[in-house]
Structure formats: structure tokens, C-alpha cells
Protein chains: 2
Amino acid sequence: MAKDARLIDIANALNISVTTVSRALNDKDDISQKTKAAVLEVADMLDYKPNRLAISLRKKKAFNVIGVVLPNVDHYFFSTVLKGVMSKAHLNNYLVIVGESSQDDLKEKEILDEFISYGVSGILIAPTKHSSFEANFAYLKQKRIPYVFMDRTYDEHDTSYVRSDDYHGAYQAVNHLIEKGYQRIAHIKSSDGWSIGTERAKGYRQALTDSGLTCYDELIKSSDTATKEDGYQLTSEFFSMDAPPDAIFTVTDDVASGVYEYAHQHQIDIPSQLGVVGFSNSVLSSILIPKLTTVEQLGEQMGETAFDYFFQIRKDKRHSFQKTFESKLIVRESSQRDK
Amino acid sequence: MAKDARLIDIANALNISVTTVSRALNDKDDISQKTKAAVLEVADMLDYKPNRLAISLRKKKAFNVIGVVLPNVDHYFFSTVLKGVMSKAHLNNYLVIVGESSQDDLKEKEILDEFISYGVSGILIAPTKHSSFEANFAYLKQKRIPYVFMDRTYDEHDTSYVRSDDYHGAYQAVNHLIEKGYQRIAHIKSSDGWSIGTERAKGYRQALTDSGLTCYDELIKSSDTATKEDGYQLTSEFFSMDAPPDAIFTVTDDVASGVYEYAHQHQIDIPSQLGVVGFSNSVLSSILIPKLTTVEQLGEQMGETAFDYFFQIRKDKRHSFQKTFESKLIVRESSQRDK
DNA sequence: TTATTTACCGTAAACGATTTCGTAAACCTT
DNA sequence: AAGGTTTACGAAATCGTTTACGGTAAATAA
């Protein structure tokens with residue numbers, strides 16, 4: 001197995017210095033076209049690949065390594081985000097290192113510190129519910145390390161981000177239920193402090209208001225965990241009310257699956273007696289019976305775009321980019337009253 | 001922000017050479033207890049953290065970096081494996097770099113090459129369906145880089161691995177169906193060349209044979225993709241037969257969800273008219289209605305163990321370790337005929 | 001007493017690249 | 001022709017650590 005070619009090998013072959021070779025390969029200007037061409041040819045012949053480790057040490061920066069921090073890698077949405085990042089990273093010859101915060105902002109900070117001391121080229125992060133910008137991210141700016149927020153954003157700061165349009169997604173979802181003739185539409189939101197939860201709740205309220213419907217406080221319940229169990233529990237609370245809702249819009253598909261279970265156990269038919277709309281378009285949504293109407297979240301595309309933004313920032317060293325992915329409503333069976 | 005302490009800072013503080021400091025910190029023997037203690041104290045005081053990049057260059061090996069290669073990060077099982085690896089890695093101060101082969105053995109090789117040229121300390125890999133040991137992994141041995149197979153294994157070679165006991169899992173699943181009184185038990189297997197598929201099929205056949213039941217070829221169908229769609233399609237084929245099965249054991253939960261859809265559309269009741277057992281214990285299984293009886297696959301534990309094995313191999317430089325995780329049957333509702 | 005080992009530590013050369021600084025030659029400019 | 005600028009390149013330092021090698025002083029052996 002032949003050893004990898006180094007700069008000095010190219011230099012020796014051409015009787016020039018490593019400095020010149022380095023300049024040629026890095027597109028510096030202090031070099032003649034002729035020499036550069038010669039170097040490139042020999043480099044190609046020797047199948048030269050720059051040594052990441054050496055570059056890293058010299059530059060005090062890991063060469064072409066992007067750090068991704070996610071709350072949970074085994075959560076469907078985040079795993080698709082990761083998939084998107086990885087595909088773009090691979091194309092651009094970047095290595096991807098991942099960390100899982102487990103929704104723990106302290107651990108998140110730990111991971112960030114690790115990544116930074118490793119000298120990653122950039123960071124793509126989906127913050128935990130509780131992360132404060134000041135505590136966990138403010139110092140990234142000083143360190144001049146490019147970073148892009150994913151999913152959850154900090155609007156008061158000028159940062160790059162990709163997220164989904166939770167507000168409009170929720171608005172469409174509820175509006176759709178109204179058009180289908182549902183009257184008492186409830187909402188299971190996520191507990192406060194989680195931006196995606198409040199945005200979705202806002203969209204819910206606005207849709208009702210715009211249609212001239214009243215927005216009853218007792219028809220809004222909060223879930224801390226956004227799990228199936230919470231969905232089941234809160235639905236049971238709804239149905240112990242004097243006037244239960246005839247539709248429920250849930251903050252995630254997982255929560256919706258809890259609604260399904262309760263409905264099934266109590267012979268409440270979906271969608272004729274109870275309309276249900278979820279959020280995420282996760283694998284669940286087309287597996288539940290009846291199939292769940294939901295709002296799609298383009299995790300993979302978000303991941304790809306996040307990487308692209310990082311790449312741009314790194315190149316131009318100035319811009320910050322934002323994109324809010326429009327959330328499309330995927331109408332399936334769970335909201336088709338007239339079906 | 002104070003700059004990170006280096007060896008030379010410690011050396012200066014104690015008026016000794018960096019060599020000595022290095023020796024002290026690396027537990028070499030050419031050093032007195034007194035000096036070592038002093039170094040350790042100062043190192044602690046200055047909050048010294050070794051510079052990964054420098055060590056990497058000198059050793060020509062990335063310092064404490066483990067590479068994980070998976071067929072699909074957004075597949076539930078693999079994402080739990082990743083989760084397990086990451087938790088152990090974090091505890092041991094390892095960085096995790098990930099690559100996704102997308103079930104493409106060529107891309108898998110590419111990723112491996114990337115990882116190796118980066119000098120990862122070890123590799124944990126869940127091979128694609130088609131990966132040949134010779135083509136993709138044989139050279140890892142020569143490179144003396146520790147590696148552990150996950151999920152899919154190569155029994156003819158003496159390698160380390162973690163996997164689940166597909167054979168016994170399937171055996172239990174089918175045996176359970178028999179005990180519940182099902183008579184014509186069908187199987188949707190995965191297409192050939194994928195070891196987990198053939199093991200599960202073997203378990204299926206053996207359970208039937210051991211109970212004195214005949215194993216009909218027409219009751220076994222192959223799926224290339226192991227998806228819901230295939231499950232639906234193949235179930236419809238089963239039910240166009242003169243004597244359709246009264247139970248189906250599927251190679252994955254995903255496939256089982258296709259069975260559910262067909263059954264629901266054709267008013268076939270699960271479990272009274274059709275028993276169903278899946279494999280994986282993925283999120284689906286407790287969300288399907290009725291809840292799916294399935295065989296659990298301990299992804300997270302497998303990931304943790306894989307990392308532990310890597311760690312052991314690296315330390316002792318000799319052993320290889322194997323573990324087959326016993327696959328436990330999780331009995332839920334879809335197989336309870338007498339329910 | 002002299003020779004040899006042992007314990008401990010330092011010097012300097014790596015690892016493979018980038019970068020600072022210097023300089024010789026070529027090219028203008030007046 | 002003198003002086004200035006540009007072009008193209010090389011020597012050497014540098015990044016932070018490990019390690020081969022050598023040396024000194026004390027301990028032990030002969």
C-alpha cells in the first residue's frame with residue numbers, strides 16, 4: 001500500500017519548494033500560471049490528498065468538519081434533518097460530527113464546548129426547549145464560528161436559521177377543520193418556552209378568530225412532553241367536559257396518536273365524530289388508521305439548507321441567511337367529516 | 001477569554017521541560033512520582049486540556065474519534081443504535097462522526113476510506129445488504145483499526161459484532177401464534193442476501209416444523225424493500241389465494257403496518273380473523289390499533305455495547321468480542337385471538 | 001575504588017501543512 | 001541610468017504534541 005503523497009513529494013518531483021506547492025494548491029496569487037499548472041498536474045498524478053490533521057493543527061481548526069447538535073437523534077424529525085445535513089456534507093467533502101443534547105441545555109453547552117475546542121468549521125444546532133441564547137450561543141459569535149439554527153430560532157438576534165412556518169401550518173390546519181364543518185376545535189399545544197409550540201398555538205387562535213369563531217380557553221391544553229401518553233391523557237380530559245370538542249389539532253403527530261387511542265377505546269369515530277389534525281408528517285401519519293391529516297415538516301430539506309447556509313457564511317464571511325419553510329397541509333382521512 | 005493552557009505553560013510554571021510534562025500526563029514510567037504529582041496539580045490548576053489536533057498530527061491518528069457508518073440514519077432502529085453509541089462515546093470523551101451509506105455498498109466504501117484517511121480510532125458499522133466482507137472490510141484488519149459490526153455479521157470471519165438473535169426472535173413469534181391457535185401462518189420475509197431476513201425466515205420454518213405443522217411455500221413471500229407498501233401488496237396476494245392465512249409474521253413492523261392497512265380496508269379483523277406479529281418493536285408497534293405484537297430489538301443497547309467492545313479492543317489490542325442480544329417477544333394485542 | 005546499571009530528565013527532531021518575511025529578477029517610470 | 005514596483009519564489013518559523021536519543025547523577029555491583 002503506497003503511502004499518501006505529501007506536499008514535499010510534489011515539491012521534490014518538480015524541484016521547487018513546498019511553499020510554492022502549497023500556494024499553487026490553495027489558489028494563492030503569488031504564483032505563476034505555469035508553475036501552478038505543473039503542480040496541479042503532479043498533484044493529480046500522485047493522487048495528492050491534503051492531510052486534514054496537519055492542516056487542522058496549523059490552522060488551529062479542524063479541516064472540513066461540521067458539528068451537528070440535536071435534542072434527540074432517534075426522533076423522526078431530527079433524524080431526517082441529520083440525513084439532510086449529511087448528504088450535503090458528503091458532497092462537499094465535509095465530515096459530520098454529531099452530539100445529542102437529550103433536551104438538556106447544560107449537556108448541550110458541554111457538547112458545544114467540545115466541538116469548539118475541537119475546532120469544527122461550523123455548527124448546525126437544533127436548540128433544546130430551554131436553551132437560552134445568552135447562556136449557550138452568544139459566545140459563538142465572538143469565536144467567529146459560523147452557526148445555523150434549525151427548527152427553533154431566536155428572533156431577537158440576527159442569526160442564520162432554517163425553520164418551518166409553524167404559524168401558517170397551524171393556521172391552515174385549523175382553517176381546514178373549520179371548512180370541513182367542525183365547530184368546537186380543541187388544541188393540544190406544547191408547554192410554554194418552546195417556540196414551535198407557541199407559534200402553532202398562535203396560528204390556531206388566529207384561524208378561529210378570522211373565521212369569527214370564539215377561542216375558548218378550556219379547549220386549549222398543554223403537554224410537557226408532546227408524547228402519545230400526554231395526547232391520551234389530555235383527550236380524556238377533553239371528553240370529561242360537558243361539551244367535548246368535535247375536533248382536535250395537536251402539536252405533533254405523536255400527540256395525535258394518543259388522541260387516536262382514546263377515541264378507539266371509547267368508540268369515538270374519527271373523522272365523523274372527531275376530526276384530528278397533527279403536525280410533522282412523520283411516518284406515523286400514514287400508518288395510523290384512518291390516515292392522519294397533518295402538516296408536513298421538511299426535515300431533510302431543512303438539513304440540506306442549513307448546511308448550504310453554513311457553507312455560504314464560511315465563504316463570504318459576512319451574510320446571515322434565514323429561511324422559513326412553508327408548511328404544507330397534507331390532507332388525509334382524519335379530517336374528512338363528509339367522507 | 002483566556003487561551004487554553006499548553007504543555008509549555010505547565011512546563012514554564014514548574015521550570016521543567018515539555019517532555020517531562022508530556023511524560024507525566026501520559027503515565028510514562030521515565031518519571032518520578034514527585035514530578036508527576038506536581039505536573040498533575042499544575043495541569044489541573046491551569047485546566048489543561050490536551051490539544052486533539054496536535055496529538056492527531058503527531059500520532060497520525062485522529063485523537064478519540066469514533067466513526068459510525070449506518071445504512072439509514074432516519075430509520076428508527078439505526079437511529080437508536082446511533083443514540084446508544086453516542087451516549088457511551090460522550091462518557092468516554094470520544095467524538096462521533098457519522099456516515100450514511102444509503103444501502104449502497106460503494107458509498108459505504110467511500111465513507112470508510114474517508115474515515116480511515118482521517119485516522120479515526122475505530123469504526124462501528126452496520127453493513128448494507130450487499131456489502132461483501134472482502135470488498136469493503138477485509139482491509140480494515142491490515143490497517144489495524146478496531147472495528148465492530150452491528151446488526152449484520154459475517155460469521156465466517158473472526159470479527160467483533162453485536163446483533164440481535166433474529167432466529168430465536170422469529171421462532172418465539174411464530175410459536176406464540178401457534179399457541180394462540182392460529183393454523184395457517186404466513187411469513188413476509190425480506191429478500192435474500194440480507195442475513196437478518198434469512199435468519200428470521202429460518203426461525204419461522206423451525207417453529208412450524210417443531211410444532212408438527214407443515215411449512216407451505218406459498219405462505220412465504222419476499223419483500224425487497226421491507227416497507228409498508230410491500231406489506232400491503234403481499235397481503236393482498238395472500239388474500240387472493242383460495243385458502244388465505246389466518247396469521248402473518250412479518251420481517252419488520254413497517255411491513256406489518258401494510259398488513260394492517262389491507263386488513264382494515266377489507267374488514268378483516270385483527271386479531272380475531274388475522275393474527276399479526278412484527279419485528280423491531282419500533283414506535284409503530286404501540287401506535288397501531290390494535291397494538292402490534294412484535295419482537296424487540298435493543299438498538300440502543302447494541303450501540304452502547306458496540307462502543308464498549310471497540311474500547312476494549314483498543315485497550316487490550318487483542319480480543320474480539322461477540323454478543324447476540326436475545327430477542328424478546330413483546331406480546332400486545334394483534335396476536336390475541338381469544339381477546 | 002572503579003565499572004555498570006538505574007532513575008530521571010532535557011534537547012531536538014519529527015508530524016505535514018501554512019504563513020511570515022526576505023530577496024532576486026523583471027518590469028516600469030522618469 | 002537610477003529608482004521604484006511587481007512578480008515569483010524559497011528559507012525558516014510555526015501550530016502543540018510525542019518520541020528517539022543522549023546525558024547526568026545517584027545507586028548498585030564488581
Side-chain angles (χ1 to χ4, degrees), chain A residues 2-40 42-43 46-65 93 95 116-121 143 314, chain B residues 2-40 42-43 46-65 93 95 116-121:
Chain A
K3 296 196 54 163
D4 287 342
R6 299 157 303 167
L7 283 192
I8 197 169
D9 299 320
I10 303 179
N12 288 341
L14 291 168
N15 256 318
I16 57 180
S17 75
V18 288
T19 313
T20 305
V21 178
S22 170
R23 273 196 279 254
L25 293 172
N26 290 328
D27 249 344
K28 296 290 167 88
D29 40 7
D30 252 24
I31 192 164
S32 72
Q33 288 305 316
K34 215 178 77 186
T35 316
K36 185 191 280 190
V39 168
L40 289 179
V42 176
L46 298 182
D47 191 32
Y48 171 77
K49 299 238 171 49
N51 183 313
R52 280 194 142 98
L53 268 20
I55 299 180
S56 299
L57 175 58
R58 181 61 238 236
K59 295 244 192 105
K60 295 179 126 187
K61 281 243 145 235
F63 178 72
N64 279 14
V65 175
N93 193 29
L95 253 29
I116 287 169
S117 89
Y118 191 60
V120 292
S121 321
K143 293 255 182 189
R314 187 173 165 71
Chain B
K3 296 197 55 165
D4 287 341
R6 298 159 302 168
L7 284 192
I8 198 170
D9 299 320
I10 303 180
N12 288 340
L14 291 168
N15 257 319
I16 57 178
S17 75
V18 288
T19 311
T20 304
V21 178
S22 171
R23 273 195 280 252
L25 293 171
N26 290 329
D27 248 344
K28 297 290 166 90
D29 40 6
D30 253 23
I31 191 161
S32 73
Q33 288 304 316
K34 213 177 76 185
T35 317
K36 186 191 279 190
V39 167
L40 289 179
V42 175
L46 298 181
D47 192 31
Y48 171 78
K49 299 239 169 51
N51 182 313
R52 279 195 144 100
L53 268 19
I55 300 180
S56 299
L57 174 58
R58 179 61 235 231
K59 296 249 193 98
K60 294 179 126 190
K61 281 242 145 236
F63 177 73
N64 279 14
V65 175
N93 193 28
L95 252 27
I116 287 167
S117 87
Y118 191 60
V120 292
S121 322

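Using a 4.0 Å heavy-atom criterion, one finds that Ser32(B) contacts the sugar-phosphate atoms exclusively. Contact annotation for Ile16(B): backbone-only contact, meaning every heavy-atom pair under 4.0 Å involves sugar-phosphate atoms and none involves a base. Across all strands, Phe63(B) comes closer than 4.0 Å to no nucleic acid atom at all (heavy-atom distances).
Among dG10(D), dC15(C), dT17(D), the nucleotide with an atom closest to any side-chain atom of Leu7(B) is dT17(D). Set against dG16(C), dC9(D), dC9(C), the side chain of Ile31(A) has dC9(D) as its closest nucleotide. You'll find that the side chain of Ala54(B) is closest to dT17(D), out of dC15(D), dC9(D), dT17(D). Taking the side chain of Asn26(A) as heavy atoms from C-beta on, and the options dT18(C), dG16(D), dT19(C), the nearest nucleotide is dT18(C). For Ser22(A), counting side-chain heavy atoms from C-beta on, the closest listed nucleotide (dT19(C), dG16(D), dT19(D)) is dT19(C). When distances run from any side-chain atom of Thr35(A) to the nucleotides dT19(C), dC9(D), dT19(D), the shortest one goes to dC9(D). Comparing atom distances between the Asp30(A) side chain and each of dC15(C), dC9(D), dG10(C) picks out dC9(D) as nearest. Picking from dT19(D), dG16(D), dT19(C) the nucleotide with the shortest atom distance to the side chain of Lys59(A) gives dT19(C). When each of dT18(D), dA12(D), dG16(C) is scored by its nearest atom to the side-chain atoms of Arg6(A), the top-ranked nucleotide is dG16(C). Residue Arg58(B) has its side chain nearest to dA13(C) when only dC8(C), dA13(C), dT18(C) are considered.
Spacing between atom CZ of Arg23(B) and atom P of dA7(C) amounts to 14 Å, rounded to whole angstrom units. Taking atom OH of residue Tyr118(A) and atom P of nucleotide dG16(D), one finds them 16 Å apart after rounding to whole Å.
Side-chain atoms of Asp9(A) come within 3.5 Å of backbone atoms of Arg6(A) as a donor-acceptor pair (strictly under, hydrogens ignored).
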